[in-house]
Number of protein chains: 2
Amino acid sequence: MTERSATRGMAHASSTDGTLARTAATDRVSDDARSVPEATVARLALYLRVLTTLVEAKTATVSSEELAAAAGVGSAKLRKDLSFLGSNGTRGVGYDVSRLASRIEHALGLNHRHRVALVGAGNLGHALAGYDGFAERGFTVTALFDNDHARVGERVGELVVRHLDELDRVCVELDISIGVVATPAAAAQSVCDRLVASGVRCILNFAPIVLQVPDTVDVRKVDLAVEMQVLSFHVARRAAKQVRTTQNGTVVVP
Amino acid sequence: MTERSATRGMAHASSTDGTLARTAATDRVSDDARSVPEATVARLALYLRVLTTLVEAKTATVSSEELAAAAGVGSAKLRKDLSFLGSNGTRGVGYDVSRLASRIEHALGLNHRHRVALVGAGNLGHALAGYDGFAERGFTVTALFDNDHARVGERVGELVVRHLDELDRVCVELDISIGVVATPAAAAQSVCDRLVASGVRCILNFAPIVLQVPDTVDVRKVDLAVEMQVLSFHVARRAAKQVRTTQNGTVVVP
DNA sequence: TACTGTGAAAGAATTCACAGCC
DNA sequence: GGCTGTGAATTCTTTCACAGTA
C-alpha cells in the first residue's frame with residue numbers, strides 16, 4: 001500500500017494500518033549483496049557517477065577523502081558506505097577506481113541491462129525518453145506509451161509511441177522490468193495498475209499522487225513540487241532568521 | 001560546499017573536510033516555525049497535496065488515519081509530523097481540512113509567491129516550464145534562459161527564452177528567489193555560479209553533477225539516474241531472494 | 001606515513017502506547 | 001468511543017576516533 005517517496009527511503013512496503021513491514025529486508029542475501037542500508041544505496045549511485053568521470057579521466061586510484069569531496073559527503077560516511085560492499089581499498093593508497101566502480105555496479109544490479117517502459121509522451125515523457133543518463137547506466141527505454149491517439153505513431157528518438165491499449169501485451173513480450181509513469185495525475189493510478197497487472201514490479205512515478213500498489217511492488221516517486229516546497233521552507237527559514245538577526249544586531253557567520 | 005541530495009536531507013551545509021555543519025539549524029525561530037525535522041518538511045508538502053484534493057472535494061474534516069493512508073505513511077508518523085507545527089486537530093474528531101492546509105502552507109513559506117528562474121530550455125526545461133504543479137503551489141516561473149542563440153526568442157508557454165548573458169541582470173531585476181538548473185552537466189556548475197553571484201540562494205539541480213556552492217546557498221538535487229539505480233538495486237535484491245527461495249523450497253509470503 | 005575499515009558513541013527518525021480531551 | 005498529541009522505547013543513520021596495514 002505504501003509508496004516510497006523520493007526524499008526518504010524505506011524497506012519494502014507497509015500495509016494500510018501500519019502493521020508489519022519489511023518481509024525479510026534485514027536478513028542477508030547469501031550470494032554477495034549484504035544488507036545495505038537504504039540511505040547507503042542511494043549514495044552508492046552517486047559515488048558511481050563520480051567514479052565514472054574518474055575512469056574517463058584515466059585516474060587510477062582515489063582516496064576516500066577525494067571521492068567524498070567530489071560526491072559532497074563526509075569521508076567517514078563514504079568509507080562506511082563502501083564497507084557494506086565488503087569493499088576493497090588499499091590502506092595507505094586508496095581505492096582502485098575501475099575496480100570500485102564495477103563493485104558498485106554489481107551491488108546495484110547494473111551488471112545487466114534493464115528494459116524500461118515509459119508511459120506518457122508529453123513534455124516530461126519526451127525529456128525522459130531523450131535522457132542520456134538512462135542509457136549510460138544500463139537502462140534501455142524499450143517502449144513508450146500514450147493515451148492520446150493523436151500521438152500514437154509519433155517518433156521520439158528511436159522509439160515510436162504506442163497506444164496504451166498495447167501496454168499489457170508489450171510489457172510481457174519485451175520483459176519490461178521497470179515502468180516509468182509520466183502521465184497527468186488523473187491517469188496515473190490506472191496506468192500503474194496496468195503495469196502491475198503486466199508483471200512490472202518496480203515503478204518510478206512522476207505523477208503528483210501517491211500510487212497504491214500491492215506489497216510486492218516497489219514504487220519510487222519524484223515529486224518536483226515537493227522539492228520546490230522544501231526549498232521554499234528554507235527560503236522562509238532564512239528570511240525569519242534574517243529578521244531576528246537584524247533585531248539582535250548580531251551578524252550570522254557568512 | 002555540500003549538496004543536499006533528493007533522497008536524503010540535511011541541514012545547512014558542511015565544509016569540505018566534514019567539520020561543522022548546520023549553523024543554527026536546531027534552534028527555534030521565534031516567530032512561528034518551530035525547528036521542524038528535515039524529513040518532516042518533505043512530508044508536509046505531501047500532506048498538503050492530499051489536503052488540497054480534500055478541500056476540492058468539500059471534505060470538512062479528516063482523521064490522522066485517513067490522511068495518513070492517502071499520503072502513504074503511518075498515522076503515528078503523521079501525527080508526530082503535524083505536532084511540530086503546534087498543530088490543531090480536535091480530539092475525537094480529526095483535523096479541519098482547510099485550517100490544516102493553510103497551517104502547512106504557512107509553515108512551508110507558501111503564503112507568498114516565489115519567483116523562479118529556469119536555466120536550460122531543452123526537453124527538460126520545456127517540461128518544467130509547462131509543469132502545472134509549480135503554479136498551483138505558488139511558484140511562478142518568471143524567466144527562462146538558454147545558452148544556445150538559436151533558441152533565444154523562442155516562446156515557451158508565456159515565457160520567451162532569454163540568453164544566458166542576461167541572467168545576472170534579470171535575476172536581480174526580477175528578484176528571483178529560486179533557480180532551477182536544467183542544463184547538461186558540463187554547463188551546470190558555471191550556471192550555478194552565476195545564479196549565486198546574482199543573489200539566488202536556493203537552487204534545484206537536475207544536472208547529474210554535484211554542485212559546489214558556498215554555505216549560504218541551499219541546493220536540492222533531483223537525479224533521475226539515481227532513482228532508477230535504487231530501483232535496480234531492489235530488482236536485484238528481489239531476484240536474489242527468488243533464487244534462494246527456490247533453493248530452499250520455501251515460499252516467501254506473497 | 002598515509003590511508004582504509006570498523007567498533008563504539010552520538011544523533012535523527014520512526015514507532016509504540018497511552019494519557020487526555022471532545 | 002474515538003481520536004489527537006506526545007513522552008518513552010526503538011531502530012536507523014551519521015560521526016568519531018583509532019587499530020591495523022600496505
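These numbers come from a predicted model, not from an experiment. Lettering of chains follows the sequences in order, A, B, ..., and the numbering in each one begins at 1.
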field: Geometric class of the A:H114/A:F139 ring pair [parallel <30°, tilted 30-60°, perpendicular >60°]
entry: parallel

query: How close or far is atom P of D:dT13 from atom NZ of A:K77, stated in whole angstroms?
result: 11 Å

task: Specify the separation, in whole Å, of atom CG of B:L100 and atom C1' of D:dC3.
output: 15 Å

- request: Any chance you could lay out the side-chain contact (heavy atoms from CB on, under 4.5 Å) test for B:K221 and B:L204, step after step, and finish with the verdict?
  value: CA-CA 6 Å; B:K221 188 162 141 49; B:L204 182 58; over 6 Å; no

statement: note: B:L78, atom CG; C:dA13, atom P; distance rounded to Å ~ 17 Å

query: Do A:R137 and A:T52 pass the side chain to side chain donor-acceptor pair (under 3.5 Å) test, and can you show the C-alpha distance, the side-chain angles, and the key distance before you say yes or no?
result: CA-CA 10 Å; A:R137 282 283 169 274; A:T52 307; 3.0 Å; yes

statement: Which of A:E38, A:R201, A:R220 passes side chain to side chain donor-acceptor pair (under 3.5 Å) with B:H234? It is A:E38

task: Measure from the side chain of B:A76, starting at C-beta and using heavy atoms only, and say which of C:dC16, C:dT14, D:dG5 lies closest.
output: C:dC16

- request: Pick base, sugar-phosphate or nothing for A:S87, based on heavy-atom distances below 4.0 Å to the nucleic acid.
  value: sugar-phosphate

message: Looking at every non-hydrogen atom in both residues, tell me the closest pair between A:Y95 and A:L78 and how far apart they are.
response: CE1-CD2, 4.4 Å

query: So, is A:Y95 close to the C:dA2 phosphate, meaning a side-chain N or O under 4.0 Å from OP1 or OP2?
result: no

query: Could one point to a donor on the side chain of A:R91 or the base of D:dT21 with an acceptor on the other under 3.5 Å away?
result: no

5' precedence on DNA chain C between B:P37 and A:L82 (nearest-nucleotide basis): A:L82

message: Checking contacts here: which listed nucleotide (C:dT4, C:dT14, C:dT6) is nearest the side-chain heavy atoms of A:S63?
response: C:dT4

query: B:E38 CD to C:dA12 C1': how many Å, rounded?
result: 12 Å

- prompt: Whole Å only: how far is the NZ atom of B:K80 from the C1' atom of D:dC3?
  reply: 16 Å

- request: Select base, sugar-phosphate, or nothing to describe what A:N88 touches, counting heavy atoms under 4.0 Å on all strands.
  value: sugar-phosphate

- request: Using only side-chain N and O atoms of A:R79, determine if any of them is under 4.0 Å from OP1 or OP2 of D:dT14.
  value: no

task: Measure the distance from CG on B:D96 to P on C:dC22 and round it to the nearest whole Å.
output: 16 Å

statement: Separation of C:dG7 atom C1' from A:F84 atom CZ, nearest Å, is 12 Å

statement: The answer to which of A:D81 and A:V93 contacts DNA chain C further toward the 5' end, by nearest nucleotide, is A:V93

field: A:R103 CZ to C:dT4 C1', straight-line distance once rounded to whole Å
entry: 14 Å

message: OP1 or OP2 of D:dT4 versus the side-chain N and O atoms of B:S64: is any pair under 4.0 Å?
response: yes

